[in-house]
Amino acid sequence: KEFLVEISGTTVTITCPLTEGSIAWVFRDKKLTSDERKYVIENHDSSPAIVSCSSSGKKYEMHLHARVCANCEELDALAVTGIIIADLLITFGVLILVYYFSKDRKGRASASAGSRPRGQKMQRPPPVPNPDYEPIRKGQREVYAGLEPRGF
């Protein structure tokens, strides 16, 4: 048998697994005898505590470490699912709009103030060759004479 713990705001309600007789509750060394199976803790401060309930020789004990907050809102699974689905639909809608608006602009040439007027394409001259990487010519073999293939 297990305790049933319900948390709502800063109120913690604990239900004892014992069903018969007068139930003695112990919470932070405070004893309370009652006929109720439920023990309600108002304005719980989220600090850990040991809670026990006993009746006619049977005792159940539990370590309570419930985090509570005063400004929290409780959401059921349906509300969370609805929020996630709405977020995904809005995101996909924005993606589709951006795709269609950017697709139309691909064919147009932009005429911004900083662009040059288009005329005939001028060809660039070939780059100046680097003297360190010039090809070997017929009369220059002595420069590379010291570089012989090595046998491995």
Hey, does Y99 have a side-chain heavy atom less than 4.5 Å from the side chain of L95?
-> no

How would you list, by chain and number, every residue that makes a side chain to side chain contact (heavy atoms under 4.5 Å, CB included) with [X], sequence neighbours excluded?
X   : value
D45 : R28, S47
V98 : V94
I84 : V80, L88

Could you state whether V68 and F27 fall into the same hydrophobic cluster, counting links through intermediate Ile, Leu, Val, Met, Phe, Trp or Tyr residues with side-chain heavy atoms under 4.5 angstrom apart?
->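 Yes, same cluster.
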
Joint hydrophobic cluster, L64 plus L32, side-chain heavy atoms closer than 4.5 Å |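 Shared cluster, yes.
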
Salt bridge (charged side-chain N to carboxylate O under 4.0 Å, His left out) involving D76 - partner list, sequence neighbours excluded | none

Under 3.5 Å donor-acceptor pairs involving side-chain atoms of residues 3-15, not counting sequence neighbours:
residue	atom	partner	partner atom	Å
S8	OG	E74	OE2	3.2
T10	OG1	N43	OD1	3.4
T11	OG1	E42	OE1	3.3

Compile the donor-acceptor pairs under 3.5 Å between side chains in residues 48-62 and protein atoms, sequence neighbours left out, one pair per line.
residue	atom	partner	partner atom	Å
S55	OG	E20	O	3.0
S55	OG	S22	O	3.2

ILVMFWY cluster membership beyond L89 - transitive side-chain contacts under 4.5 angstrom | I85

Please list, chain by chain and in numerical order, all residues satisfying side-chain hydrogen bond (donor to acceptor under 3.5 Å, both in side chains) with R67, sequence neighbours excluded.
-> none

Of all the heavy-atom pairs spanning R37 and W25, show the shortest one and how long it is.
-> O-CZ2, 3.0 Å

